[in-house]
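Structure first, then comments.
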Amino acid sequence: MAKISINLATGSLQQEEIIVGIDLGTTNSLVAFINPDKLPQVINDTGKGLLVPSVVHFNAHGDTLVGNEAKEFLITDPANTIFSVKRLLGRSYKDLAAHQDTFSYKIIDDENDTLVKIKAGDKFYTPIELSAEILKELKGRAEHALKTPVNRAVITVPAYFNDSQRQATRDAGKLAGLDVLRIVNEPTAASLAYGIGLDPNKQQTIAVYDLGGGTFDVSILAIQNGIFEVLSTNGNTFLGGDDFDRAIVHYWIDKNKLDQSTLDAATMQMLRLKAEEAKKALTTQNLFNEKIGDIWCSIDKQTFQELIAPKVAETMNSCKQALQDAGLTIADIDEVVLVGGSTRTPYVKQAVTEFFGRPAHDQINPDEVVALGAAIQADILAGNRSDILLLDVTPLSLGIETMGGLMDVIIPRNAKVPTKAGRQYTTSLDGQVNMKISVFQGERDLVQENRKLAEFELRGIPAMPAGLPKVDINFMLNADGILTVQAIELRSGVKQEIDVRPSYGLSDDTVEKMLIDSITHAKSDVEQRMLIEARSEGEQLVYTAERFLEKHGVYLTETEITETKKHIEALKAALATAQKDEILKMADELNEFTRPFAERVMDVAVSSAMKGKSIDK
Ligand code: ADP
Ligand code: MG
């Protein structure tokens, strides 16, 4: 392991280049940098504003619009206007099924645990591609405003994001042409913006309360030696400022004695926008009084507070729960930080202050604070802050090979050492008793382009249908740079492990070349990955569908069987073309066609046989 490998990983690539900090939000996204006066600053691309609504619109020609311009299509073309992409990142359809009606666009239901896709026009988009569109827009704005290429970034994610959501965020950055130096927790970034955690001699426990447009979370962090540890998080991913707007809309509907079922979508949307305007106005004044046509839109501060009180109370319960989960009491909290546009509402601020019994940090704009902190983190990674100690970090990502020769990163590049991480895998074949584990190092999506470190076999997995075994693979990298890879099948307890030294034979030049290659090939790499993933999924579906016909053919009608076979053939033909969208389209059609009778013949073994990522034998 290289000491302070960050310099080698970044500085020597392009010394003078700017590293930006990006807050990729559910409602709004923004990009910040450290200005020549050494202060963090949000980039305002002339006239376009600081906040970029996280909305993407696709027109009939497949052209993309991002931000305010895209937001306008939420009314006129909702099916092709994608908002709240962040909610979809790294999620499976199952995760989202309960909230289906929140989305106006089509989320593809492929009845298994693979990641969701969105259909707009004739094309299928992964949340990674959609997030990349937002990131590209931010990159473009930064380049335009700063008049220099921007290729490196720190991107923030909620503290509760899991591994695959973090990896999806990294991939989105890569697809947007950004070298993502680090994924940082939003509460960590917000703390940094307030200078909390910058003094290595100070030990602190802090609470970060983040109420955004559609999500709420509270995190309790312990900070020691410049390391931020998340002690607990709590919240509700379907609670935010949008709820405040909705409460006002309903209040107006009541007051004006309107019947909601007779209001068209455009009027509802107008009311919603007016409600948001009223809410913001009530942050600084006591009364809002306007009219839309002959609808009176009037509300005072007191009424507004009463309307939102139950929601705010809910967030306080989360704070209580978070403290309890961290094993702490209010007295243990040294600082409280407010994040998210909705904390501008005085009633929210007051509730947080009262709960924690101390004033909360609110000097920095709460909707900018995360991006500003991300810019500070970027500056630290660039080695521009001599006052801050850089810890040992991994110069290259470490991971294993999965289906189709893809690299699955387990410990990402720039992770602080020592560290450990793990993920669960399964088998791809029925009765598979051995699993080959190949360990790789590097940033490319295909393992063949990365450095192979080791390979071993986990033997003696009990014979089960594909998808049932649960194999945990854990990576532990100690302070001496030794990586222990452990594989364990959970049902049987069979276990195998191996030690490797990832830095062995790795020169600084090699690291540098590998990093440069990963950036130059980013686009084609991600495209290949998505094709391979679509293909694995399609092949798996052909396999499942064929087995389904074999086993349950007797319950189906003649037409159902012949039509299903036709769909299977069409999917096979698509698989042969190696066209991602074609494969996904045919897979979707096969699913849509078979769903009604597949539900009729519910078969636990078949549906559960498709869970989890699998590794080729
Ligand atoms: P996210 O992190 O979810 O992307 P933001 O932190 O940008 O979202 O917060 C967006 C929310 O903040 C919206 O609901 C918006 O209406 C609300 N908001 C913005 N300004 C104000 C204000 N002055 N008073 C109250 N709420 C506000
Ligand atoms: Mg946010």
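Remember, it's 1-based here, ligands and their atoms both numbered in the order they're listed. Each residue takes its place number in the sequence, starting with 1.
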Mark up the atoms of ligand 1 that fall under 4.0 Å of a heavy atom belonging to [X], in ascending order.
{"X": "G25", "value": "4 (O)"}
{"X": "G241", "value": "14 (O)"}
{"X": "G340", "value": "6 (O)"}
{"X": "T27", "value": "1 (P), 3 (O), 4 (O), 8 (O)"}

| request: Could you tell me if any non-hydrogen atom of S342 lies under 4.0 Å from any atom of ligand 1? | output: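 True for this residue.
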
| Nearest neighbour of atom 14 (O) of ligand 1 from the list K279, E368, E186, on a heavy-atom basis |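 Going through K279, E368, E186 one by one, K279 has the nearest heavy atom to atom 14 (O) of ligand 1.
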
| message | Can you check which of E276, R344, K280 brings a heavy atom nearest to atom 16 (O) of ligand 1? | response | E276

| said: Please check this pair: side chain of S131 against backbone of P127, looking for a donor-acceptor N/O pair closer than 3.5 Å. | reply: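 Pair found, side chain donor or acceptor close to backbone of P127.
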
[atom] - nearest protein heavy atom and its distance:
{"atom": "atom 7 (O) of ligand 1", "value": "N28 ND2, 2.8 Å"}
{"atom": "atom 10 (C) of ligand 1", "value": "G213 N, 3.6 Å"}
{"atom": "atom 25 (C) of ligand 1", "value": "T345 OG1, 3.2 Å"}
{"atom": "atom 2 (O) of ligand 1", "value": "G212 CA, 4.2 Å"}
{"atom": "atom 9 (O) of ligand 1", "value": "G341 N, 3.2 Å"}

| query | What do we get for T283 next to ligand 1 when only non-hydrogen atoms under 4.0 Å count, side chain, backbone, both or neither? | reply | side chain

| field | For Y125, all residues meeting ring pair (Phe, Tyr, Trp, His ring centres under 6.0 Å), sequence neighbours excluded | value | F58

Whether the [X] and [Y] side chains hold a donor-acceptor pair (N or O, under 3.5 Å, no angle test) is what I'd like checked.
{"X": "R423", "Y": "N162", "result": "no"}
{"X": "S232", "Y": "D325", "result": "no"}
{"X": "T215", "Y": "T237", "result": "no"}
{"X": "T267", "Y": "D264", "result": "yes"}

| query | Under 3.5 Å, N or O to N or O, is D210 touching ligand 1 that way? | reply | no

| task | Using side-chain hydrogen bond (donor to acceptor under 3.5 Å, both in side chains) as the criterion, list what pairs up with K311, not counting sequence neighbours. | result |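 Expected list: none.
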
| message | Salt bridge check, R152 against D179: does any charged N sit closer than 4.0 Å to a carboxylate O? | response |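 Result for this pair is no, no salt bridge flagged.
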
| query | When you check the gap from the basic side-chain N to the acidic O, do K279 and D242 get nearer than 4.0 Å? | reply | no

